[in-house]
Trainee: 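Structure below; questions to follow.
Lettering follows sequence order; numbering is per chain, from 1.
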2 protein chains.
Amino acid sequence: MMTDEQLREQLKQKGLKITPQRVAIYRAVMKLKNHPTAENIIEHIKLNYPNISIGTVYKVLDSLVENQLLKKVKNEKDVMRYDAIIHQHHHLYCIETERIEDYDDPDLDKLITKYFKQKKIKGFKVKDITLQINGEFKIK
Amino acid sequence: MMTDEQLREQLKQKGLKITPQRVAIYRAVMKLKNHPTAENIIEHIKLNYPNISIGTVYKVLDSLVENQLLKKVKNEKDVMRYDAIIHQHHHLYCIETERIEDYDDPDLDKLITKYFKQKKIKGFKVKDITLQINGEFKIK
DNA sequence: TTCGCCAAAGATAATAATTCTCATTTAGAA
DNA sequence: TTCTAAATGAGAATTATTATCTTTGGCGAA
(Lines give C-alpha, C1' and ligand atoms only; values in the text may rest on other atoms or scores of the structure.)
Protein backbone atom coordinates (compact mmCIF):
# COMPACT_ATOMS: atom_id res chain seq x y z
CA MET A 1 0.00 0.00 0.00
CA MET A 2 1.15 3.47 -0.82
CA THR A 3 2.20 5.65 2.09
CA ASP A 4 0.71 9.06 2.56
CA GLU A 5 4.02 10.54 1.58
CA GLN A 6 4.16 8.68 -1.73
CA LEU A 7 0.64 9.65 -2.41
CA ARG A 8 1.32 13.33 -1.86
CA GLU A 9 4.35 13.05 -4.04
CA GLN A 10 2.16 11.75 -6.84
CA LEU A 11 -0.13 14.74 -6.59
CA LYS A 12 2.80 17.11 -6.49
CA GLN A 13 4.36 15.62 -9.60
CA LYS A 14 1.19 16.32 -11.47
CA GLY A 15 1.21 19.91 -10.32
CA LEU A 16 -1.87 19.51 -8.19
CA LYS A 17 -2.10 21.34 -4.91
CA ILE A 18 -1.97 19.00 -1.99
CA THR A 19 -5.18 19.50 -0.10
CA PRO A 20 -6.46 17.25 2.66
CA GLN A 21 -9.52 16.51 0.54
CA ARG A 22 -7.46 15.38 -2.43
CA VAL A 23 -5.30 13.17 -0.29
CA ALA A 24 -8.33 11.66 1.40
CA ILE A 25 -10.14 11.01 -1.85
CA TYR A 26 -7.13 9.55 -3.58
CA ARG A 27 -6.48 7.38 -0.56
CA ALA A 28 -10.09 6.26 -0.44
CA VAL A 29 -10.08 5.04 -4.01
CA MET A 30 -6.89 3.11 -3.39
CA LYS A 31 -8.32 1.60 -0.27
CA LEU A 32 -11.79 0.78 -1.50
CA LYS A 33 -11.42 -2.27 -3.64
CA ASN A 34 -13.86 -3.35 -6.26
CA HIS A 35 -14.13 -0.11 -8.17
CA PRO A 36 -16.06 2.24 -5.95
CA THR A 37 -18.74 4.52 -7.26
CA ALA A 38 -18.66 8.21 -6.43
CA GLU A 39 -21.24 7.39 -3.79
CA ASN A 40 -19.05 4.75 -2.16
CA ILE A 41 -16.23 7.22 -2.05
CA ILE A 42 -18.32 10.02 -0.61
CA GLU A 43 -19.62 7.71 2.08
CA HIS A 44 -16.13 6.65 3.06
CA ILE A 45 -14.72 10.16 3.05
CA LYS A 46 -17.56 11.50 5.16
CA LEU A 47 -16.30 9.47 8.10
CA ASN A 48 -13.31 11.77 8.39
CA TYR A 49 -14.63 14.80 6.53
CA PRO A 50 -18.28 15.02 7.48
CA ASN A 51 -18.51 18.43 5.82
CA ILE A 52 -16.94 17.66 2.50
CA SER A 53 -19.00 18.83 -0.42
CA ILE A 54 -20.21 16.30 -2.96
CA GLY A 55 -19.24 18.68 -5.72
CA THR A 56 -15.72 18.68 -4.39
CA VAL A 57 -15.54 14.92 -4.53
CA TYR A 58 -16.62 14.92 -8.15
CA LYS A 59 -14.20 17.68 -9.00
CA VAL A 60 -11.31 15.95 -7.30
CA LEU A 61 -12.11 12.65 -8.98
CA ASP A 62 -12.19 14.42 -12.32
CA SER A 63 -8.87 16.07 -11.75
CA LEU A 64 -7.31 12.79 -10.68
CA VAL A 65 -8.64 11.12 -13.80
CA GLU A 66 -7.38 13.96 -15.96
CA ASN A 67 -3.98 13.61 -14.41
CA GLN A 68 -4.06 9.90 -14.89
CA LEU A 69 -3.88 8.98 -11.26
CA LEU A 70 -7.27 7.31 -11.49
CA LYS A 71 -9.22 5.70 -14.25
CA LYS A 72 -12.88 5.70 -14.92
CA VAL A 73 -14.27 2.26 -15.44
CA LYS A 74 -17.36 1.85 -17.44
CA ASN A 75 -20.06 -0.50 -16.45
CA GLU A 76 -22.64 -1.56 -18.96
CA LYS A 77 -25.54 -1.05 -16.65
CA ASP A 78 -25.21 1.97 -14.48
CA VAL A 79 -22.91 4.25 -12.63
CA MET A 80 -19.40 5.34 -13.30
CA ARG A 81 -16.78 3.72 -11.14
CA TYR A 82 -13.25 4.68 -10.29
CA ASP A 83 -10.11 2.67 -10.18
CA ALA A 84 -6.65 3.53 -8.92
CA ILE A 85 -4.08 3.16 -11.65
CA ILE A 86 -1.44 0.84 -10.36
CA HIS A 87 -0.76 -1.36 -13.30
CA GLN A 88 -2.37 -2.70 -16.43
CA HIS A 89 -5.23 -5.02 -15.73
CA HIS A 90 -8.50 -6.28 -17.12
CA HIS A 91 -11.96 -6.63 -15.70
CA LEU A 92 -14.20 -9.54 -14.99
CA TYR A 93 -17.83 -8.45 -15.16
CA CYS A 94 -20.50 -10.58 -13.64
CA ILE A 95 -23.50 -10.37 -15.91
CA GLU A 96 -25.85 -11.33 -13.06
CA THR A 97 -24.66 -9.21 -10.18
CA GLU A 98 -22.68 -6.48 -11.94
CA ARG A 99 -19.76 -7.20 -9.69
CA ILE A 100 -16.44 -6.13 -11.16
CA GLU A 101 -13.15 -7.75 -10.27
CA ASP A 102 -9.69 -7.03 -11.50
CA TYR A 103 -8.00 -9.61 -13.57
CA ASP A 104 -4.25 -9.63 -14.13
CA ASP A 105 -2.73 -11.74 -16.80
CA PRO A 106 0.71 -10.78 -18.05
CA ASP A 107 0.71 -13.68 -20.51
CA LEU A 108 -2.48 -12.40 -22.05
CA ASP A 109 -1.07 -8.89 -22.19
CA LYS A 110 1.99 -10.17 -23.97
CA LEU A 111 -0.12 -12.10 -26.43
CA ILE A 112 -2.28 -9.12 -27.29
CA THR A 113 0.57 -6.64 -27.44
CA LYS A 114 2.36 -8.94 -29.80
CA TYR A 115 -0.75 -9.30 -31.91
CA PHE A 116 -1.22 -5.57 -32.31
CA LYS A 117 2.44 -4.99 -32.98
CA GLN A 118 2.05 -7.07 -36.07
CA LYS A 119 -1.52 -6.19 -37.00
CA LYS A 120 -2.16 -2.48 -37.46
CA ILE A 121 -5.60 -0.91 -37.40
CA LYS A 122 -5.64 1.61 -40.16
CA GLY A 123 -6.49 5.13 -39.13
CA PHE A 124 -6.16 4.35 -35.46
CA LYS A 125 -3.26 4.50 -33.07
CA VAL A 126 -3.61 1.99 -30.26
CA LYS A 127 -2.64 3.27 -26.83
CA ASP A 128 -3.83 0.55 -24.55
CA ILE A 129 -6.26 -2.30 -24.42
CA THR A 130 -8.58 -3.39 -21.69
CA LEU A 131 -10.48 -6.62 -21.83
CA GLN A 132 -13.96 -6.77 -20.54
CA ILE A 133 -14.44 -10.40 -19.74
CA ASN A 134 -18.14 -10.99 -19.29
CA GLY A 135 -19.44 -14.04 -17.53
CA GLU A 136 -20.48 -15.29 -14.15
CA PHE A 137 -18.79 -15.82 -10.85
CA LYS A 138 -19.29 -19.40 -9.82
CA ILE A 139 -20.94 -19.96 -6.47
CA LYS A 140 -18.50 -21.05 -3.83
CA MET B 1 -29.47 -3.81 -44.36
CA MET B 2 -32.36 -5.61 -42.77
CA THR B 3 -35.73 -5.22 -44.44
CA ASP B 4 -38.71 -4.08 -42.45
CA GLU B 5 -40.12 -7.55 -42.75
CA GLN B 6 -37.06 -9.21 -41.26
CA LEU B 7 -37.05 -6.69 -38.52
CA ARG B 8 -40.66 -7.37 -37.62
CA GLU B 9 -39.91 -11.05 -37.66
CA GLN B 10 -37.17 -10.50 -35.10
CA LEU B 11 -39.56 -8.75 -32.76
CA LYS B 12 -42.16 -11.43 -33.24
CA GLN B 13 -39.74 -14.22 -32.45
CA LYS B 14 -39.02 -12.57 -29.15
CA GLY B 15 -42.70 -12.41 -28.37
CA LEU B 16 -42.78 -8.64 -28.54
CA LYS B 17 -45.79 -6.93 -29.98
CA ILE B 18 -45.05 -5.26 -33.25
CA THR B 19 -45.81 -1.62 -32.77
CA PRO B 20 -44.82 1.15 -35.15
CA GLN B 21 -42.76 2.71 -32.36
CA ARG B 22 -40.79 -0.44 -31.78
CA VAL B 23 -40.12 -0.93 -35.43
CA ALA B 24 -39.05 2.68 -35.82
CA ILE B 25 -36.75 2.58 -32.81
CA TYR B 26 -35.19 -0.71 -33.76
CA ARG B 27 -34.70 0.55 -37.28
CA ALA B 28 -33.18 3.80 -36.03
CA VAL B 29 -30.54 2.04 -33.98
CA MET B 30 -29.62 -0.13 -36.94
CA LYS B 31 -29.45 2.85 -39.20
CA LEU B 32 -27.63 5.24 -36.90
CA LYS B 33 -24.08 4.09 -36.89
CA ASN B 34 -21.58 4.93 -34.26
CA HIS B 35 -23.51 3.88 -31.21
CA PRO B 36 -26.26 6.40 -30.84
CA THR B 37 -27.29 7.78 -27.49
CA ALA B 38 -30.93 7.74 -26.47
CA GLU B 39 -30.97 11.38 -27.46
CA ASN B 40 -29.69 10.66 -30.97
CA ILE B 41 -32.37 8.05 -31.35
CA ILE B 42 -35.13 10.27 -30.08
CA GLU B 43 -34.07 13.03 -32.44
CA HIS B 44 -34.15 10.67 -35.39
CA ILE B 45 -37.47 9.11 -34.47
CA LYS B 46 -39.11 12.49 -33.96
CA LEU B 47 -38.83 13.16 -37.69
CA ASN B 48 -41.47 10.52 -38.34
CA TYR B 49 -43.10 10.38 -34.92
CA PRO B 50 -43.12 13.95 -33.66
CA ASN B 51 -45.34 12.98 -30.75
CA ILE B 52 -43.47 9.97 -29.46
CA SER B 53 -42.88 10.01 -25.73
CA ILE B 54 -39.32 9.96 -24.47
CA GLY B 55 -40.32 7.44 -21.85
CA THR B 56 -41.49 5.15 -24.61
CA VAL B 57 -38.16 5.35 -26.34
CA TYR B 58 -36.38 4.37 -23.14
CA LYS B 59 -38.84 1.57 -22.50
CA VAL B 60 -38.51 0.20 -26.00
CA LEU B 61 -34.74 0.37 -25.88
CA ASP B 62 -34.81 -1.49 -22.58
CA SER B 63 -37.06 -4.18 -23.93
CA LEU B 64 -34.89 -4.59 -27.00
CA VAL B 65 -31.83 -4.90 -24.79
CA GLU B 66 -33.60 -7.42 -22.56
CA ASN B 67 -34.51 -9.44 -25.58
CA GLN B 68 -31.00 -9.22 -26.87
CA LEU B 69 -31.79 -7.37 -30.01
CA LEU B 70 -29.68 -4.47 -28.87
CA LYS B 71 -26.74 -4.03 -26.56
CA LYS B 72 -25.96 -1.25 -24.18
CA VAL B 73 -22.55 0.26 -24.47
CA LYS B 74 -21.35 2.81 -21.98
CA ASN B 75 -18.57 5.14 -22.84
CA GLU B 76 -15.87 6.22 -20.43
CA LYS B 77 -17.31 9.62 -19.84
CA ASP B 78 -20.99 9.37 -19.34
CA VAL B 79 -23.94 8.46 -21.42
CA MET B 80 -25.38 5.12 -22.33
CA ARG B 81 -25.26 4.17 -25.95
CA TYR B 82 -26.98 1.51 -27.95
CA ASP B 83 -25.68 -0.91 -30.45
CA ALA B 84 -27.50 -3.29 -32.75
CA ILE B 85 -26.37 -6.84 -32.17
CA ILE B 86 -25.23 -8.25 -35.43
CA HIS B 87 -22.17 -10.18 -34.49
CA GLN B 88 -19.29 -10.21 -32.04
CA HIS B 89 -17.18 -7.10 -32.29
CA HIS B 90 -14.92 -4.84 -30.32
CA HIS B 91 -14.72 -1.13 -29.83
CA LEU B 92 -12.19 1.49 -30.68
CA TYR B 93 -12.47 4.39 -28.25
CA CYS B 94 -10.91 7.68 -29.11
CA ILE B 95 -9.48 9.12 -25.91
CA GLU B 96 -9.67 12.65 -27.30
CA THR B 97 -13.03 12.83 -28.93
CA GLU B 98 -14.93 9.95 -27.31
CA ARG B 99 -15.80 8.66 -30.72
CA ILE B 100 -16.58 4.96 -30.74
CA GLU B 101 -16.13 2.72 -33.74
CA ASP B 102 -16.74 -0.93 -34.17
CA TYR B 103 -13.80 -3.14 -34.79
CA ASP B 104 -14.12 -6.62 -36.20
CA ASP B 105 -11.28 -9.01 -36.10
CA PRO B 106 -12.07 -12.70 -36.41
CA ASP B 107 -8.39 -13.61 -36.11
CA LEU B 108 -8.17 -11.82 -32.83
CA ASP B 109 -11.34 -13.50 -31.63
CA LYS B 110 -9.92 -16.86 -32.52
CA LEU B 111 -6.69 -16.08 -30.71
CA ILE B 112 -8.46 -15.02 -27.53
CA THR B 113 -10.99 -17.81 -27.57
CA LYS B 114 -8.17 -20.28 -27.92
CA TYR B 115 -6.29 -18.63 -25.08
CA PHE B 116 -9.21 -18.87 -22.69
CA LYS B 117 -10.00 -22.40 -23.70
CA GLN B 118 -6.65 -23.39 -22.37
CA LYS B 119 -6.33 -20.91 -19.52
CA LYS B 120 -9.17 -21.05 -17.01
CA ILE B 121 -9.97 -18.27 -14.59
CA LYS B 122 -10.80 -19.91 -11.31
CA GLY B 123 -14.18 -19.07 -9.87
CA PHE B 124 -15.33 -17.42 -13.07
CA LYS B 125 -17.12 -18.73 -16.11
CA VAL B 126 -16.29 -16.74 -19.22
CA LYS B 127 -19.22 -16.02 -21.51
CA ASP B 128 -17.78 -13.52 -23.91
CA ILE B 129 -15.04 -11.00 -24.23
CA THR B 130 -15.07 -7.49 -25.54
CA LEU B 131 -11.96 -5.50 -26.15
CA GLN B 132 -11.87 -1.85 -25.42
CA ILE B 133 -9.09 -0.59 -27.60
CA ASN B 134 -8.19 2.87 -26.41
CA GLY B 135 -6.23 5.23 -28.55
CA GLU B 136 -6.59 7.95 -31.12
CA PHE B 137 -8.01 8.21 -34.57
CA LYS B 138 -5.35 9.60 -36.86
CA ILE B 139 -6.23 12.74 -38.75
CA LYS B 140 -6.99 12.07 -42.36
C1' DT C 1 -64.48 -9.23 -38.73
C1' DT C 2 -65.27 -7.92 -34.38
C1' DC C 3 -64.34 -8.05 -29.44
C1' DG C 4 -61.86 -7.71 -25.42
C1' DC C 5 -57.73 -8.13 -22.82
C1' DC C 6 -53.43 -6.90 -21.61
C1' DA C 7 -49.17 -5.15 -23.15
C1' DA C 8 -47.58 -0.86 -24.84
C1' DA C 9 -47.66 4.11 -25.48
C1' DG C 10 -48.29 8.88 -23.88
C1' DA C 11 -47.88 12.48 -20.50
C1' DT C 12 -45.69 14.01 -16.89
C1' DA C 13 -43.89 13.71 -12.20
C1' DA C 14 -40.04 11.90 -9.65
C1' DT C 15 -35.46 10.47 -8.88
C1' DA C 16 -30.54 10.15 -9.20
C1' DA C 17 -26.17 11.38 -10.75
C1' DT C 18 -23.50 14.92 -12.03
C1' DT C 19 -22.36 19.76 -13.11
C1' DC C 20 -22.53 24.62 -12.35
C1' DT C 21 -22.28 29.04 -9.84
C1' DC C 22 -20.43 31.82 -6.76
C1' DA C 23 -18.89 33.25 -2.30
C1' DT C 24 -15.23 31.82 0.91
C1' DT C 25 -11.05 29.63 2.11
C1' DT C 26 -6.38 27.99 1.62
C1' DA C 27 -1.91 26.04 -0.48
C1' DG C 28 2.15 27.42 -1.62
C1' DA C 29 5.07 30.80 -4.29
C1' DA C 30 7.24 35.22 -3.63
C1' DT D 1 4.00 36.88 6.19
C1' DT D 2 1.51 38.28 2.29
C1' DC D 3 -0.83 37.58 -1.93
C1' DT D 4 -3.19 35.28 -5.54
C1' DA D 5 -4.73 31.68 -8.17
C1' DA D 6 -6.62 27.48 -7.23
C1' DA D 7 -9.58 24.75 -4.49
C1' DT D 8 -13.51 24.08 -1.47
C1' DG D 9 -18.36 24.36 0.27
C1' DA D 10 -23.17 25.02 -0.27
C1' DG D 11 -26.75 24.51 -2.76
C1' DA D 12 -29.18 25.41 -7.14
C1' DA D 13 -29.50 23.66 -11.78
C1' DT D 14 -29.21 20.40 -15.28
C1' DT D 15 -29.52 16.04 -17.51
C1' DA D 16 -30.44 11.35 -18.11
C1' DT D 17 -33.33 7.97 -16.77
C1' DT D 18 -37.20 5.76 -14.30
C1' DA D 19 -41.77 5.51 -12.36
C1' DT D 20 -46.74 6.25 -12.25
C1' DC D 21 -50.93 6.38 -14.08
C1' DT D 22 -54.25 6.80 -17.77
C1' DT D 23 -55.32 5.84 -22.48
C1' DT D 24 -54.61 3.30 -26.68
C1' DG D 25 -54.14 -0.38 -29.85
C1' DG D 26 -51.99 -5.10 -31.30
C1' DC D 27 -53.54 -9.38 -31.88
C1' DG D 28 -55.58 -13.90 -30.30
C1' DA D 29 -60.07 -15.94 -29.83
C1' DA D 30 -64.87 -16.04 -30.86
Trainee: Verify the contact: side-chain N or O of B:Gln21 to OP1 or OP2 of D:dG25, cut-off strictly under 4.0 Å; return yes or no.
Mentor: no
Trainee: How long is the line joining OH of A:Tyr26 and P of D:dA7, in whole Å?
Mentor: 16 Å
Trainee: Hey, what do you get for CG (A:Leu61) to CZ (A:Arg22), rounding to the nearest 0.5 Å?
Mentor: 11.0 Å
Trainee: Could you verify whether a donor N or O on one side chain and an acceptor N or O on the other, from B:Tyr103 and B:Asp105, lie under 3.5 Å apart?
Mentor: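 Per modelled atom types, B:Tyr103 and B:Asp105 side chains form a pair under 3.5 Å.
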Trainee: Record whether the side chain of B:Lys12 comes under 3.5 Å of the base of D:dG26 through a donor-acceptor pair of N or O atoms.
Mentor: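 No, no donor-acceptor pair under 3.5 Å.
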Trainee: A:Glu43 CD to C:dA16 P: how many Å, rounded?
Mentor: 15 Å
Trainee: Looking at the side chain of B:Glu39, which of D:dT8, D:dA16, D:dG25 is the nearest nucleotide?
Mentor: D:dA16
Trainee: Expressed in angstrom and rounded to an integer, what is the separation of A:Asn67 atom CG from D:dA7 atom P?
Mentor: 10 Å
Trainee: Can you check the A:Asn40 CG to C:dT18 C1' distance for me, whole Å?
Mentor: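 After rounding, the reported distance stands at 16 Å.
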Trainee: Taking atom P of D:dG28 as reference, at what distance in whole Å does atom CD1 of B:Ile18 sit?
Mentor: 9 Å
Trainee: Run the side-chain contact (heavy atoms from CB on, under 4.5 Å) test on A:His91 and A:Thr130 for me, step by step, so that the C-alpha distance in whole Å, both residues' side-chain angles and the decisive distance to 0.1 Å come before the verdict.
Mentor: CA-CA 8 Å; A:His91 292 128; A:Thr130 310; 4.2 Å; yes
Trainee: What's the separation between atom OH in A:Tyr49 and atom CD1 in A:Ile25, rounded to the nearest 0.5 Å?
Mentor: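 The CD1 atom of A:Ile25 is 9.5 Å from OH of A:Tyr49, to the nearest 0.5 Å.
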Trainee: For atom NZ of B:Lys114, decide whether the heavy atoms of other residues, nucleotides or ligands shown that lie under 6.0 angstrom number more than 12.
Mentor: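 12 or below, so no.
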Trainee: Tell me: CZ of A:Arg22 to C1' of C:dA27, nearest whole Å?
Mentor: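 Value for this atom pair: 10 Å.
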Trainee: Show me the pairs that pass salt bridge (charged side-chain N to carboxylate O under 4.0 Å, His left out) and involve residues 9-19 of chain A, at least two apart or across chains.
Mentor: none
Trainee: Is any side-chain heavy atom of A:Phe116 closer than 4.5 Å to one of B:Leu108?
Mentor: yes
Trainee: What's the closest nucleotide to the side chain of A:Lys59 if the choices are D:dT17, C:dT21, C:dA27?
Mentor: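 Nearest to the side chain of A:Lys59 among the choices is C:dT21.
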Trainee: Does the side chain of B:Asp104 reach to within under 4.5 Å of the side chain of B:His90, using non-hydrogen atoms?
Mentor: no
Trainee: Note the angle between the end axes of the helix from C:dT1-D:dA30 to C:dA30-D:dT1, five pairs defining each, rounded to 10 degrees.
Mentor: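 For the helix from C:dT1-D:dA30 to C:dA30-D:dT1, the axes at either end differ by 40°.
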Trainee: C:dA9, OP1 or OP2 - any side-chain N/O from B:Thr19 closer than 4.0 Å?
Mentor: yes
Trainee: Could you check which residues of residues 48-56 of chain A get a heavy atom under 4.0 Å from DNA chain D? Sort them by number, please.
Mentor: A:Asn51, A:Ile52, A:Ser53, A:Thr56
Trainee: Measure from CG on B:Leu16 to P on D:dC27 and round the result to the nearest Å.
Mentor: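 Result: 10 Å.
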Trainee: Please report, rounded to the nearest Å, how far the C1' atom of D:dT15 is from the CD1 atom of B:Ile42.
Mentor: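 Spelled out: CD1 on B:Ile42 to C1' on D:dT15 is 12 Å.
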Trainee: Should we say atom NZ of B:Lys125 is surrounded by more than 12 heavy atoms from elsewhere, each under 6.0 Å from it?
Mentor: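 No - once you tally the heavy atoms of other residues, nucleotides and ligands closer than 6.0 Å, there are 12 at most.
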Trainee: Check this one for me: any side-chain N or O of A:Tyr58 less than 4.0 Å away from OP1 or OP2 of C:dT18?
Mentor: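 Affirmative; the distance criterion is met.
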